[in-house]
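Counting starts at 1 for both ligands and their atoms, in listed order. Predicted, not measured: the structure shown is a model, and the values here were computed from it.
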Amino acid sequence: MELRVQQGNITEADADLIVVNLFAGVTTPGGATGAVDQALGGGISQLIAQGDFSGKAETTALLYASLSSRGALNTSQSRLAAPRVLLVGLGRPDRFGIAQIRRAAAVAAQAAAKLDGVKTMATIIHGAGIAGHDTAVAAQEVALGTLLASYRPKQYRRNNPDDQLTSCTVVEFSAEKLADAQRGLSRGEAIGRAVCRARDLVNEPPNLLTPLEMAARAQSMAADVGLKSAVLNEAAMQEVGMGFLLAVSRGSANEAQLVILEHAPAGHAEEAPLVFVGKGITFDTGGISLKRPADMWAMKDDMGGAAAVIGALEAIGQLDLPQRVIGVAPCVENMPDGTSYRPGDIVTGMTGKTAEIISTDAEGRLVLADALAYVARFNPIAVVDLATLTGAIGTALGLHVRAGLFSNDTALQEKLMTAADHSGERLWPFPMDEEYEKPIQSDMAEVKNSSGRAGGLSSSAKFIEHFTEGYPWAHLDIANMVLADSRINPETPKGATGYGVRLLVELAERYAVHS
Ligand code: BES
Ligand code: MN
Ligand code: ZN
């Protein structure tokens, strides 16, 4: 789908469908909606008067321009260039914020996609009128909501219908606000496309998206956007001593790859970077501690952290944020085999610290441990890891509400909480007290990779913390966020959600402004 900005009156927009809006409680539409109402001969006012549309959030009404209300402008009478009008409810003005702007755009894009005759749409910028939101911010959310709602997963079928919505034109009436609208739209587009890239990676089947393929896609994205990139293969990982990661990879026929992406903007290229690390298990069978078969297919999502990091770096590069950012994605497959690592094994990671393997299914923390030890060389200002680490996070927080946040640095934790609330990708903090070390103490090694169920979430983070020396660090357990078994809301479809991209971009922006 193509997005563009155009100056003018929505009544004159040449599209198959135009979108206007209405706040709950409004009986006489004003602004752009009022102009369209007039061109329709009061059609919108009539809908409201008959009680068929109240402006309630997430509701829509479709109106058709009659022959007399269509065509070129003549005399003083206003007319509509478009044959259809979609009215979208904005809800109560006192509950209206940027999330509602995004939601309204998403609802409109979804409704438009259901109309077979609609290939092109044009919309006003929700929230930028009477509600008084900043034009750039509102345009960003309109672009984002439109792209997120229009996402379709790649299909592997012989016959595929084409995407039917091909373009969305964002119409801004005021010439003075046009540049802001364009800037906002470009930002929303960069972020929206990056979220869709993360979704594509997660949705991809695990036979096709091997560690090698992930590395290839990350590198080709990096070349497109102008990021620096490097990949370590297993020999290179051996050289730096990544014994944990290599133990996990041992049973797989697909070689592990450690992807490193860097955004080093002019003037900031030498500064200490913000670093993101994403768990990239392209498929998690559990290894010798094999998972039960029923839902095992869903473990193709175990690279959701890596996908979020790759997507975030794409957006950050595209936006050219004035902040050095490095993304690291250890991509590994966890398989059972005669060569696999076993429960009972003791392995040595990059820092030299040893771990006793209790479960080969607790592979994520091992892979993260080596990746987190590796990034110390960048002298980061902060490191955030994202991982589909535990089933328990979903038990604690439910699905698709908030991811878990674990940190030993209050300043970083606060930054993340703020970025989470602002981006709409919410987090909830968990404790990191010393006592949570106890369950991961090993009789023979320095630490063990799995504990009992009690306090298991905090103990999993405590394991990772062992390998995070030299920088402020936070761990996000996103296992309850990355894959949805049905549509969550108008912006978030069934399947991969792309969770984490918007949060990381928001965090990077905050570092760019405040450091
Ligand atoms: N990738 C899984 C966690 C997971 C579960 C992700 C459900 C997405 C949905 C992880 O590697 C894992 O297997 N964790 C174990 C840890 C246990 C062995 C300590 C778990 O949660 O059962
Ligand atoms: Mn596992
Ligand atoms: Zn896993």
Inset, instruction - Measure from the side-chain N and O atoms of D477 to the backbone N and O of A479, and report whether any donor-acceptor pair falls under 3.5 Å. - result: yes

Inset, instruction - Without swapping roles, check the side chain of S458 against the backbone of G455 for a donor-acceptor pair under 3.5 Å. - result: no

Distance alone, cut at 3.5 Å: any donor-acceptor contact between the side chains of [X] and [Y]?
| X | Y | result |
| --- | --- | --- |
| S442 | E356 | yes |
| E141 | H126 | no |
| T339 | D337 | yes |
| S289 | T360 | yes |
| D385 | W473 | yes |

Legend entry - Within reach of ligand 1, part of M303 (heavy-atom separation under 4.0 Å): neither

Legend entry - Sub-4.0 Å atoms of ligand 1 with respect to non-hydrogen atoms of E363: 11 (O)

Inset, instruction - Check the Zn ion (ligand 3) and write out every protein N, O or S atom at under 2.8 Å, as residue and atom. - result: K279 NZ, D284 OD2, D302 OD2, E363 OE2

Inset, instruction - Nearest 10° is fine: what angle sits at the Mn ion (ligand 2) between OD2 from D284 and O from D361? - result: 170°

Inset, instruction - Describe, in one word, how the ring planes of F378 and Y374 are oriented to each other, choosing from parallel (under 30°), tilted (30 to 60°) and perpendicular (over 60°). - result: perpendicular

Legend entry - By salt bridge (Lys or Arg N to Asp or Glu O under 4.0 Å) - contacts of R487 (at least two apart): none

Legend entry - Min N/O separation D361 to ligand 1 under 3.5 Å: yes

Inset, instruction - Ignoring angles and geometry beyond distance, decide whether G364 reaches within less than 3.5 Å of ligand 1 through its nitrogen or oxygen atoms. - result: no

Inset, instruction - Give the residue, atom name and distance (to 0.1 Å) of the protein heavy atom nearest atom 14 (N) of ligand 1. - result: L389 O, 3.2 Å

Legend entry - Selection from D284, V482, N334 by shortest heavy-atom distance to atom 2 (C) of ligand 1: D284

Legend entry - Option whose closest heavy atom lies nearest to atom 7 (C) of ligand 1, chosen from K291, M299, M481: M299

Inset, instruction - Verify the contact flag for atom 11 (O) of ligand 1, where contact means a protein heavy atom under 4.0 Å away. - result: yes

Legend entry - Pairwise distance CZ(F244) to NZ(K353) - rounded to 0.5 angstrom: 9.0 Å

